[in-house]
Amino acid sequence: MDAVDVFIENRSCLDMDIYQLWLDGEIVEEICRLPFLTVQLDDTPSSKQILASYVADQVRTFHLLEKWLHSPAELADQPVFQLTDSCRTYLLEKCVLTRGKNLALTELSPLTRWLYTTWVERV
């Protein structure tokens with residue numbers, strides 16, 4: 001009898017506002033208190049728990065992605081997260097602009113390398 005391997009996954013849903021805050025070093029508790037996230041919440045414990053769970057999930061995802069953000073060549077081939085090309089590019093560009101000094105410049109795309117040399121090295 002032949003064996004068949006099946007792999008099912010969903011496209012990753014990333015909140016880019018929370019991503020930027022994570023890059024800036026914010027922690028879950030601080031992010032949950034920001035007005036742009038809390039303005040539409042009911043003032044109930046359950047809605048605050050849902051928000052905290054959502055933010056914690058996003059931050060956990062970014063921590064898992066971090067090893068590939070420091071090795072851009074491997075980000076495209078990693079099997080864990082389904083990301084569009086535009087999402088990968090955005091993640092890398094934001095990471096380079098925020099934490100650029102820690103990335104291997106030779107592994108970056110020409111556009112991202114240009115962003116690094118134009119903006120990050122001026123800081």
Are [Y] and [X] connected into the same hydrophobic cluster when the rule is that any two of I, L, V, M, F, W, Y join if their side-chain heavy atoms are below 4.5 Å apart?
X: Val80; Y: Phe62; value: yes
X: Leu34; Y: Met16; value: yes
X: Ile27; Y: Leu64; value: no

To the nearest 0.5 Å, how far apart are [atom1] in [X] and [atom2] in [Y]?
X: Leu23; Y: Ile18; atom1: CG; atom2: CD1; value: 12.5 Å
X: Leu14; Y: Leu91; atom1: CG; atom2: CG; value: 6.0 Å
X: Trp68; Y: Gln78; atom1: CH2; atom2: CD; value: 5.0 Å
X: Tyr19; Y: Lys94; atom1: OH; atom2: NZ; value: 9.0 Å
X: Tyr54; Y: Cys13; atom1: OH; atom2: SG; value: 5.5 Å

Considering all heavy atoms of both residues, which atom of Leu92 and which atom of Leu69 are nearest to each other, and what is their separation? CD2-O, 3.9 Å
Side chain to side chain contact (heavy atoms under 4.5 Å, CB included) filter on Thr84, not counting sequence neighbours, yields Arg11, Ser86, Cys87
Partner residues of Ala52 under the side chain to side chain contact (heavy atoms under 4.5 Å, CB included) criterion, sequence neighbours left out: Cys32
Holding to side-chain hydrogen bond (donor to acceptor under 3.5 Å, both in side chains), I want the full list of residues that pass it with [X], two or more places apart in sequence or in another chain.
X: Asp85; value: Arg88
X: Tyr90; value: none
X: Gln49; value: none

Can you pull out every side chain to side chain donor-acceptor pair (under 3.5 Å) where at least one residue sits in residues 21-35? Sequence neighbours excluded, please. Gln20-Asp24, Trp22-His63
Which pairs, with at least one residue in residues 54-69 and sequence neighbours excluded, count as a salt bridge (Lys or Arg N to Asp or Glu O under 4.0 Å)? Asp57-Arg60, Glu66-Arg99
Kindly indicate whether the side chain of Leu65, heavy atoms from C-beta on, has any atom under 4.5 Å from the side chain of Leu75. yes
Is the backbone N or O of Asp15 less than 3.5 Å from a side-chain atom of Gln58, with the two atoms forming a donor-acceptor pair by type? yes
